[in-house]
Amino acid sequence: MASLKDLRNRITSVKATQKITKAMQMVAAAKLRRAQMAAESARPYAERMAQVLGNLASNLTPGAETPRLLSGTGQDRTHLLVVCTAERGLCGAFNSSISRLARDHARRLMAQGKTVKIICVGKKGYDVLRREFRDQIVELIELRGVRQLGFENAEGIARNLLGRYDAGEFDVATLFYSRFRSVIAQIPTAQQIIPADIAPTDAAPAVSSDAVYEYEPGEGEILAALLPKNLTVQILRALLENAASEQGARMGAMDSATRNAGEMIKKQTLIYNRTRQAMITKELIEIISGAEAL
Amino acid sequence: MATFQFDLVGPERILYSGAVDAVQLPGSEGEMTVLPGHAPVLTTLKTGMLVITESPQKGKRVLVRGGFAEINATSLTVIAERATPLEELTPAIIDADIAAAELLYDATDDYDRKIEIEGQIAQLREAKVALSF
């Protein structure tokens with residue numbers, strides 16, 4: 001049986017923890033709003049880009065040489081997985097669900113006899129994947145010092161990927177991140193980025209299709225300039241969605257932690273009061289029986 | 001005077017959206033002015049000033065660095081890699097850009113790329129002079 005002092009200490013420590021989780025939840029909520037806004041305001045750019053690219057790719061003169069970023073290398077022997085996770089923990093299942101998706105994907109590919117390479121963006125995914133894929137991980141990109149995710153960060157990663165692609169280090173690249181559906185729902189997603197996976201534009205074209213675009217400089221040059229940019233934009237979108245998802249997941253995790261702490265405090269306080277009462281009763285009985293004995 | 005729809009989209013936000021009279025673009029093959037009813041063109045952009053004329057005597061200037069423009073008869077969409085409206089522009093930003101470009105210039109050995117960056121630097125210097133900083 002724990003003494004009263006022990007119980008009191010335990011309650012104080014749980015209370016202190018609750019204060020921390022509460023504060024973290026509040027911080028996450030504030031950051032979430034910003035991250036969500038950033039993700040949403042980046043959306044039009046990505047959409048327009050995809051639209052223009054879709055138009056361009058579908059109108060491409062047959063026979064023209066398509067850039068390798070669109071057509072691929074013609075093989076799929078070496079796969080590169082770009083796994084984007086958070087730099088910090090304490091955000092529920094966020095990091096582990098992305099890592100799990102990447103891990104399953106990697107296992108499946110390896111079972112098919114393909115070569116797998118992994119680039120980790122964010123330390124947490126690296127920590128998880130390192131255990132199983134120590135030899136496959138080629139690089140860890142940390143974004144710890146970055147306060148506000150911007151175009152430059154995505155551009156750096158895109159350049160890195162393009163350099164590796166041009167050097168023939170891989171044939172297919174897949175991006176793993178968590179799509180932000182809502183505060184409580186984040187969906188781990190795998191998206192193929194190289195060769196570019198361009199969905200045919202379902203939306204009615206803004207101009208009648210017989211309007212022929214004039215291209216300056218050439219069609220091929222524009223496509224060649226556009227594809228690396230599209231890569232950057234896709235990565236930027238993934239990073240921003242990831243940032244929003246992370247804060248959402250953390251908010252949820254901290255909310256339930258705060259609730260758990262509250263429950264524990266209630267339970268411990270009940271035990272504390274019972275024990276206190278029992279001791280008082282015991283002391284009273286001792287006094288009374290002592291008086292009766294006289 | 002007739003107007004057309006103009007959208008300027010940056011990676012992080014929409015910078016401008018509305019009906020305008022004319023827009024002057026720094027196209028990679030040369031400056032051009034887009035008026036309503038323009039033939040459909042898709043062009044890449046170089047570093048330079050984008051001049052938006054909302055109505056006579058009223059307009060805006062935006063410094064864009066790379067990107068592309070999609071032009072058709074009723075609308076113009078500029079997808080800029082980096083864009084800074086004139087009001088937010090300070091000499092420090094341009095200087096930092098010039099410094100970054102010079103660094104890139106020194107880092108690369110590719111001749112074509114060197115020429116391209118040289119052009120960028122010249123454009124930035126020009127912009128700086130034009131704004132009389």
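Each chain gets a letter, A, B and so on, in the order its sequence line appears, and its residues count up from 1. Keep in mind that this is a model prediction, so the values were computed, not measured.
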Got A:Arg48 and B:Asp7 here, is their nearest side-chain heavy-atom distance under 4.5 Å?
yes

If you take all heavy atoms of B:Leu42 and A:Ile222, which pair is closest and at what distance?
O-CD1, 3.1 Å

Pairwise side-chain contact, A:Tyr215 with B:Val41, heavy-atom cut-off 4.5 Å (strictly under):
no

Taking atom NZ as the centre, does B:Lys46 end up with more than 12 heavy-atom neighbours from other residues, nucleotides or ligands that are less than 6.0 angstrom away?
yes

Quick check on B:Thr44 against chain A: is it the side chain, the backbone, both or neither that has a heavy atom closer than 4.5 Å?
both

Segment of B:Ala69 engaging chain A (4.5 angstrom heavy-atom cut-off)
neither

Against chain B, label A:Leu240 side chain, backbone, both or neither, depending on which of its atoms sit under 4.5 Å from a heavy atom there.
neither

How long is the straight-line distance from CG of A:Leu53 back to CD1 of B:Ile79, given to the nearest 0.5 Å?
9.5 Å

Hey, is CD on A:Glu214 packed in by over 12 heavy atoms from elsewhere, all under 6.0 Å?
no

Taking every non-hydrogen pair under 4.5 Å, which of A:Pro44, A:Ala154, A:Ala46 racks up the most with chain B?
A:Pro44

Go through the atoms of A:Met37 and report whether side chain, backbone, both or neither lie under 4.5 Å from a heavy atom of chain B.
neither

Identify the two heavy atoms, one from A:Tyr45 and one from B:Glu81, that lie closest to each other, and give their separation to 0.1 Å.
OH-CA, 3.9 Å

Does any heavy atom of chain B fall under 4.5 Å from the side chain of A:Glu155, the backbone, both, or neither of them?
side chain

Contacting moiety of A:Glu47, where chain B heavy atoms sit under 4.5 Å:
neither

